[in-house]
Structure formats: structure tokens, C-alpha cells
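Taking it in order: structure first as C-alpha cells, then the write-up.
Numbered from 1 within each chain, the chains take letters A, B, ... in sequence-line order.
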Amino acid sequence: MAGGNTGKDLDGKAGRRSGLPPLSLPPLSLAPRIEGLSGVPIPLLDLLDEIPLGLVILDRNRSVLAANRPFEALTGFSRETITGLPCRLVLRTNLCGRFCPALQAQNASSAVSLEGDMIDCQRRKLDIRITATALRDNNGDLCGFMETIQEIRTMTQDSTGMNKSGFFARVLGQSPKMTEVFNILPAVAQTDSAVLITGETGTGKDLVAEVIHEASTRSRGPFIKVNCGALPETLLESELFGHTKGAFTGAVSDKPGRLKMAHGGTLFLTEIGDLPLPLQVKLLTFLDDQIVYPLGASRGFQADVRVIAATHRQLENMVNQGAFRQDLLFRLNVIRVHLPPLRERTGDVKLLLAHYLTEFSQRFRKRVTGFTPEATRLLNAYAYPGNVREIRNIVEYAVGIVRGDVIGVEHLSAYLFDTSVEKTVPAPSGEAHTGGRSPLAQAVQAAGDTMSWPVLERTMILEALVQSKGRRTKAAEVLGWGRSTLWRKMKQYGLES
Amino acid sequence: MTTPLKKVLITITENEVAPRFDLTSEVLIATIDPEGRVVNERTMVLPSASQEDLCHLILAESVDAVICSGIEDEYYQYMKWKRIDVIDSVIGPYEEALGRYAAGTLRAGDIFFFPVMDGSVD
Amino acid sequence: MMSDYRVMLIDDEEEYAGTLAERLELRGISTRVVLDGQEGLTAIDEDPPDIVLLDVMMPGFSGLETLRQIKKAHPRVEVILLTGRGSTREGIEGMRLGAFDYLMKPVQIEELIERFQAALAPRPIKG
């Protein structure tokens with residue numbers, strides 16, 4: 001009878017379109033082209049496909065005229081399926097209706113950028129940023145809209161949907177250890193150097209990477225995340241660097257790698273400790289000269305990408321065991337951000353409990369105001385080996401099942417009380433790494449109160465020169481910069497002589 | 001023993017299937033007889049948009065099938081687990097969706113949107 | 001004639017549990033009543049039933065926690081949750097923790113028995 005839903009992932013490309021096509025569309029043979037730019041006309045869609053953001057062009061009624069491949073990837077709908085449909089039925093955001101960015105752009109003189117969420121064809125709710133512009137002809141009359149859509153990954157979702165107090169406020173913490181981290185984050189964001197984020201699982205490495213990107217000059221560019229531990233080596237190589245048609249059996253077309261997709265923005269590699277050695281070499285090559293060599297390609301191409309890496313492992317130990325390259329660690333370690341485990345963040349447990357209580361109360365539409373004294377005692381005493389992610393899960397579970405307005409011990413998972421299991425107190429996590437502290441950290445210390453970026457950078461260069469005994473090539477290596485970059489900056493700061 | 005009548009709930013906005021299950025505040029509940037005729041149809045305005053409350057309503061009303069568009073996986077899985085036929089990612093006018101469901105031709109992902117032909121700008 | 005499966009009912013409301021058990025026994029379903037989660041776990045360890053009917057709203061050791069413990073130690077025992085006041089979040093948690101179903105009290109005996117049979121019907125093992 002009716003239905004027939006098998007529960008599989010919906011493949012939007014299989015969405016059946018029935019009925020007449022909208023009359024307003026040109027026949028498919030007249031694919032739009034850009035003339036007068038170069039010698040030959042450029043198919044518009046080919047150009048749009050190269051833009052690493054979801055992009056859709058709408059007519060005056062906000063119906064879809066054209067959409068690029070990243071838009072297809074983000075929503076799960078193929079462009080053939082959605083052409084002619086009103087944008088709101090395709091994007092399915094919480095901004096549609098009253099807060100429609102396109103409508104706002106129509107009344108504004110510049111692009112309108114809003115954050116919200118959408119549901120994709122895999123039934124996932126994604127946080128996104130939509131930037132809408134009204135397109136006008138020479139008379140100033142409205143002829144359509146252009147929207148770009150970018151996914152923003154948040155671990156802590158601001159309940160108002162917008163963060164007004166600055167990017168770094170998204171990372172919560174009042175403890176002394178976190179304050180140390182907050183002190184260097186602005187400077188870290190400003191530099192273009194590679195960053196290594198370390199810390200136990202659940203300490204917020206993903207969020208910090210994102211926040212660094214958002215606060216950097218690359219924030220308008222893509223933020224692409226790759227989990228180095230998720231794929232086997234062969235697939236990972238293709239995933240990161242791309243492959244050319246015929247590079248291996250099954251490679252039916254060229255595929256851009258994530259590095260290419262991150263062009264102009266940031267590539268975030270989680271679990272860098274899981275990156276196989278051969279790919280470590282390839283990554284190092286990229287960090288050296290910013291050239292990507294896809295699998296099976298004879299030539300490489302330039303990509304302007306800033307790399308952020310994260311790991312919960314002790315990479316220094318892995319270097320000793322021969323599982324991680326020292327030169328790569330050296331290069332990544334230029335800027336190191338270490339996130340302390342929750343048990344070392346005095347006072348933050350209380351802060352996080354309150355924050356997640358509010359977040360989930362709102363999300364589940366319940367009025368949960370607090371914890372019983374007994375529950376509080378238990379939650380304060382717990383060591384949280386899973387760190388922030390664990391505390392979040394505990395509160396989510398409790399708020400989800402509580403019926404009243406106060407969470408008691410009966411709403412907490414029994415494993416929290418489990419004293420029969422021997423819990424080894426983890427060793428204090430430290431900034432365990434060989435050699436001195438990173439050039440940036442040293443510069444921050446040396447710069448004292450004058451925290452402006454030029455001062456910091458200048459100090460960093462001086463420190464690096466001291467460390468490498470005046471040898472500029474070595475200093476460039478220490479800083480993780482190409483030689484020409486160092487030369488240029490030394491000239492800029494008058495440090496040539 | 002199968003019930004001869006089927007009860008279906010459609011999340012609606014204006015006269016379309018609502019784009020978001022979690023943001024819907026209006027639903028249509030209809031009963032279909034074994035011959036595929038709609039024998040009962042009513043719309044309900046919900047006090048507030050909440051997917052928790054909506055799931056609760058769906059279970060309380062012993063609905064057999066839910067027609068919607070965008071829905072989060074967790075809630076989709078939950079209703080399927082409760083043996084409700086969830087036909088999601090449906091895009092188009094809800095009356096059309098109801099008609100196709102009654103005729104047994106509605107599938108998840110179906111799109112049958114007909115744009116307004118009068119060229120008006122809303 | 002007794003059914004070939006055994007049910008354990010874990011509910012702190014003695015009167016309700018007693019009545020329900022009686023009605024099941026009248027239908028030939030061998031039912032045992034336990035009034036508390038912890039006791040239930042011990043009883044299941046000693047002599048596992050085929051199906052557990054579990055009230056989620058119990059003081060002390062919560063129903064969902066009991067569910068988690070049961071599935072951890074006895075994954076093949078099917079658990080059907082009973083609740084006095086349905087909550088979608090609770091149902092979703094129950095689903096996630098491996099319950100077979102989540103039913104609102106008062107339960108219809110016919111429906112309950114149908115659920116028992118569905119729970120015991122052979123199914124592919126989830127990977």
C-alpha cells in the first residue's frame with residue numbers, strides 16, 4: 001500500500017520529480033555562459049562549481065535557477081531535482097519565512113549574512129551561515145538573488161543561534177588553565193602558520209580549531225575537516241589530495257581533494273597521529289611549498305590553505321617509536337595550543353553544568369532549573385575522563401529524561417556511582433614536547449603586555465634567529481615559514497642587517 | 001488482524017507540506033478507507049512548534065503514517081521504531097501528497113511542486 | 001497451557017504489577033513480578049527471562065539505567081518499557097539503549113501480547 005519507505009538514507013538525487021517543469025526556465029540546451037571575460041565563453045555552472053561554498057542563484061520569486069556542486073553536496077539534492085523550486089523548500093532552514101536572508105538583502109544595500117540551521121537529505125540538522133545578495137540589473141531593478149551557504153560546526157550551540165560577543169566566547173571556561181589558552185588564541189588566529197592542538201578526547205579541540213578559523217583572516221573561506229583516523233590509507237590519500245581520472249580502478253573522474261576544497265581557507269586534520277607515514281611525507285611537502293599533488297597526477301597545483309592539526313596522542317612518543325615524522329611534528333609544532341582536561345580546569349565543571357543545563361532545557365522545551373545537592377556533590381566529585389563531551393552527554397541524558405524541574409541522582413547514569421571499577425587517576429597532562437616551547441609561546445612571554453600582532457611577530461622572528469644562531473634558513477624552519485616569507489617579513493620589520 | 005482504515009498525519013505550512021518537522025505548528029490528520037478514499041480530514045493548529053510534542057501527538061492519535069519534509073534522523077528513527085510509516089522529504093502541496101498517499105503512490109523524496117504561474121512576486 | 005516464554009515485570013507499584021501479572025497468567029503467560037530495579041537485575045542474572053516489562057518511572061535506580069544494565073549483561077533479553085506519562089525524549093533514549101518498545105500505561109493486554117510475540121520473532125542480528 002502507500003509509503004514504501006525503507007528507512008535507507010534518502011538519496012536526494014533519486015527524488016522523483018513529477019509534473020510540468022516551471023515555465024520560467026530556459027530550455028536546458030541554453031546553458032548559461034559568461035561572455036566577454038576571456039577569449040571563449042565560460043559555462044557559468046563550471047565556474048560556480050569551482051567555488052568552494054554552496055552557492056545557489058534564485059529568481060525574483062526566490063525559486064532556484066542554478067546551484068553549484070558544493071550546494072548539492074551540502075543539501076544532498078541534485079540540481080536537476082531542485083531547479084524551479086522555492087528556496088525555502090530546498091534549504092529547509094529555521095530562517096525561512098520571517099528571517100529570510102534573501103528578503104532582507106532585497107531591502108539592504110549590502111550582503112546579508114545570517115546563521116541558522118537546515119535539514120539535509122540525510123536527515124541531519126546542520127548549522128549553517130547563509131549570505132544573501134540581491135542581484136539587480138542596470139536600472140537597479142531586482143532580477144534575482146545569490147546565496148552562499150556554509151556549514152559551521154559547533155560543539156556548543158548558542159541558544160539564540162547567533163554569537164554576538166565574539167568568537168572566543170564560544171569556548172567556555174573561567175579556570176586559570178583555560179585563561180592561558182584564551183590569551184594566545186587571538187594571536188594564533190591572526191598568524192597563518194600551522195597549528196597543533198593537543199588535549200585528551202572531549203576537551204574541545206574541534207571547537208577551538210573552528211574558532212581559530214572564524215577569528216582569522218580566512219574566515220570567509222572554507223573550513224574543511226578531515227579525520228585522519230577514519231579512512232584506510234589509500235582512501236585517505238585520495239580524500240586529502242584528490243585523484244585524477246584513472247588513478248586507480250574505480251577512479252572514473254577527477255576528484256578534488258579536501259586540500260583543494262579548502263583553498264583560501266583552513267584545513268583541519270583531526271587525529272593527525274593516525275596519519276600514515278607516507279601521507280605524513282606528502283603533508284610535509286605541502287606545508288613546505290603549498291603545492292598539492294593529487295593521486296595519479298603528474299603535476300601539482302598551488303593551494304592557499306592554512307593547516308590546523310589536532311591529536312589526543314603524545315606525538316613525541318610516536319616520533320621515538322618511529323610512527324610519526326619528527327620533521328612534520330617540528331613543522332606543526334610551531335604553534336601549539338594545549339587544551340587541559342576538565343579535571344585540571346578548576347571551577348569550569350560548575351560553569352559547564354550550568355551552560356548545558358540551559359542549553360538542553362531550551363532544546364527539549366523543559367523547565368529544568370538545577371540539580372539536587374546530592375547530584376551536585378556527585379557531579380563535582382567526578383573526574384570526567386571524557387572531559388567536556390562527557391559532561392555534555394551526562395547533562396543531555398539527565399535533562400532528556402527528567403520529569404520535574406530538578407535533576408537528581410536518579411537521572412544520572414549509574415556508572416558515575418560505580419566505585420567497584422578501579423579508576424586510575426590519569427597523570428597530569430602537560431605540554432609534553434621536546435625542546436623549548438613553541439616560538440609563539442616564547443614570543444608571547446617576551447612581549448609581555450604589548451600584545452599587538454606586529455610586535456609579537458617581530459619578537460617571534462628575533463627569538464627564532466636567536467635559537468638558530470643567526471642562520472636564517474634554520475630560523476625559517478623553526479617558524480614554519482618558507483625562506484622568502486621570512487626574508488620579506490624581516491625587511492618589513494627592518495631586521496635585515 | 002489489520003485495521004481497514006489508515007490514519008495519516010501531514011505536517012503543513014500554508015498549503016504545502018511543511019519544510020521542517022520541528023518547526024511545524026499546523027498538521028492535517030486524515031483517515032483513508034481501504035478503497036483509497038479520504039473519509040475524514042481535519043487540520044489542527046499546535047500550541048507551539050515542538051518535535052517532542054508532535055511525536056507525542058502522533059502516538060496519542062495512533063497515526064499509521066506521517067508525511068513530512070525535513071526531519072531529524074533521531075525523530076525519524078523513533079517513529080519508525082514505533083512502527084509508523086514515515087514518508088519524508090516530500091515537497092509539494094499537501095492535498096496532492098494526501099491524494100497520492102491514498103492512491104498508494106507516494107514515496108519518500110517525492111517532489112511535485114507546481115510553481116505559481118501568474119508571475120507574481122510575493 | 002503455558003506459553004513457552006517467560007516474562008519478568010519490574011515495577012514498584014505493587015498493586016498495578018500484581019494485577020497485570022495476574023491478567024497475563026490468565027492468558028497463559030508465565031510472569032514473575034519484581035518490585036525494584038536492583039532486585040530485578042539480580043533476578044535476571046540468576047534466571048534470565050525472555051522478556052522484561054520495565055517501568056521507567058521508579059524511584060532510586062531509574063528505569064532507563066536498569067535497561068542499560070540489562071542490555072549490557074543480557075543482550076538477548078528483550079525489554080519493553082512501560083511509562084505512566086509518555087515523553088518523546090525518554091522514548092528516544094529507550095530506543096537508543098536497546099529497548100524493544102515503549103508503551104503507555106494502561107496497556108492493552110492484546111497489544112502487549114502482540115508485542116511479546118513480535119519481540120520473540122526471529123530477526124536478523126543488528127550488526
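- A 6.0 Å sphere centred on CD of C:Q108 holds no more than 12 heavy atoms belonging to other residues, nucleotides or ligands.
- Both the backbone and the side chain of C:R85 come within contact range of chain A, judged by heavy atoms closer than 4.5 Å.
- Counting heavy-atom neighbours within 6.0 Å of C:E22 CD, excluding the residue itself, gives a total of 12 or less.
- Nearest approach of A:G400 to C:S87, heavy atoms of both residues: O-OG, 4.2 Å.
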Dump the intermediate steps for side-chain contact (heavy atoms from CB on, under 4.5 Å) on A:E396 and C:E93, then the final yes or no.
CA-CA 10 Å; A:E396 179 178 9; C:E93 274 312 310; 5.7 Å; no
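- Counting non-hydrogen atoms of other residues, nucleotides and ligands closer than 6.0 Å to CD of C:E25 gives a total above 12.
- Within 6.0 Å of CZ on C:R23 lie no more than 12 heavy atoms contributed by other residues, nucleotides or ligands.
- Annotation: the span from C:E65 atom CD to A:Y397 atom OH amounts to 5.0 Å, rounded to 0.5 Å.
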